[in-house]
Amino acid sequence: MKPMGPLPPEFAGLDGALTIGGRRAEDWVAEAGDTPLFVYDAAIVAARVARFRAAMPAVDLHYAIKANPHPPLIAVIAPLVDGLDVASAGELRLALAAKPAAAISFAGPGKRDDELAIAIGAGATLNVESESEGARALAIGDRLGIAPRLAVRVNPDVELRGSGMKMGGRASPFGVDADQAAALVRKLIGGGADWRGLHFYAGSQALDAAAIADTQDATLALAARLAEAVGAAPPLVNLGGGFGVPYFANDRALDVETVGARLTDALGARAAILADSRFAIELGRWLVAEAGVYLTRIVDRKLSHGEIFLVVDGGLNHQLAASGNFGTVVRRNYPLAVASAMGAEPEETVSVVGPLCTPLDRLGDRIALPQARAGDLIAIFLAGAYGASASPTGFLGHPPAAERVSG
Ligand SMILES: *Cc1c(COP(=O)(O)O)cnc(C)c1O
């Protein structure tokens, strides 16, 4: 038997039939017409936003929509946050449907000229990732007769300790190295840009509050040094994010209140040149991961060499991350449950596998569950971030999963 990650607190106390947003899992499936299905509980997302606001009241909150770009979910989140962060012209289009352009920023290496032109024309902020991208943005602004709104993304000389994905402190396709950033900002201002500030992003999926706070302290100090070197105050300093969620056994939820207290102190003591700057944190996963449940029905139950397999109708084609093939080195179990038997004692050790003809399609590896039969629903939790949009939906030709937002 292998361990599973913890059920999110909102579902951990349920007894009997799983409910999501006050509605039974089977009723969600009936309404959607079939399994597999993602359901996102808007109330859980709103509670995360409220918790963030209470922990760091002076800081803007941005939603990084790559975590979950389902348009009805973006529509729920957009009014609750101060900004939307996008990483393609496609995401920009989704964001513009939900928020004014002035509240949207566009990061990512390899922005094409047509993407730059769409963003500049719309009035969104571009987080410039290189000197040549900055030059292209200025030229396109000239051609359109618009002063482009440009921020500079800095490859920070700090990294986020313990984060699942490090994106700072080393050679990187993201941003310009810290020692080149001030010169680029001066060049952009000199070239007629509307300079919006500085963007930092040091890593993702961090659960250690002290590590996040240390990174934020170092980022603030770097922002102050760069502002001094530019000789101007950045209107906005985007401090990045990287707040993680507990996916696996022994993961502990991030203590956001400690992060907030340390950041509030650090901002209170910030350098004079940042006195009038605003500060933002951009979050994807932490806002939406725990709000999502992936529901899939057992098609077959079989025994092989003494191991029980529950074969379900959904798999890594919809929820790659739960199979352990999205950004993890060692395969570990996401939290799973039999939707009709929440809170019931485990009775047997089973593996939950999807319908794809590859051994990678394993959603639960030798986990302890209550007895389940063909026809029962399996719920896979932590499915709200990097699920439907981060999975190879074309692989093996099964239909896409439906998506629903509660509330
Ligand atoms: C992916 C990404 C995010 C969101 O990361 P999460 O781990 O989902 O919070 C935020 N900012 C940037 C620049 C990113 O690339």
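In listed order, ligands and their atoms are each counted from 1. Below, all heavy atoms of this structure are taken into account, side chains as well, without hydrogens, waters or symmetry copies.
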S.K.: For residues 87-96, which side-chain N or O atoms pair as donor and acceptor with protein atoms under 3.5 Å away, sequence neighbours left out?
M.R.:
residue	atom	partner	partner atom	Å
S88	OG	G90	N	3.3
S88	OG	E91	N	3.0
E91	OE1	A87	N	2.8

S.K.: Test: salt bridge (charged side-chain N to carboxylate O under 4.0 Å, His left out). Region: residues 55-81. Which pairs qualify, not counting sequence neighbours?
M.R.: D60-R278
S.K.: Can you list the atoms of ligand 1 that are under 4.0 Å from a heavy atom of A64?
M.R.: 3 (C), 4 (C), 10 (C)
S.K.: Does R153 pair with E282 as a salt bridge, N-O distance under 4.0 Å?
M.R.: no
S.K.: Checking E133 side chain against S130 main chain: does a donor-acceptor pair fall under 3.5 Å?
M.R.: no
S.K.: As a check for students: among Y386, Y63, F243, identify the option with a heavy atom nearest to atom 4 (C) of ligand 1.
M.R.: Y386
S.K.: Should H199 be counted as touching ligand 1, given the test is an N or O pair under 3.5 Å?
M.R.: no
S.K.: Any salt bridge between R53 and D82, counting N to O under 4.0 Å?
M.R.: yes
S.K.: Does an N or O anywhere in Q205 fall below 3.5 Å from an N or O of ligand 1?
M.R.: no
S.K.: Is Y201 in polar range of ligand 1, meaning some N or O pair under 3.5 Å apart?
M.R.: yes
S.K.: May I ask you to list the atoms of ligand 1 that are less than 4.0 angstrom from any heavy atom of E282?
M.R.: 10 (C), 11 (N), 12 (C), 13 (C)
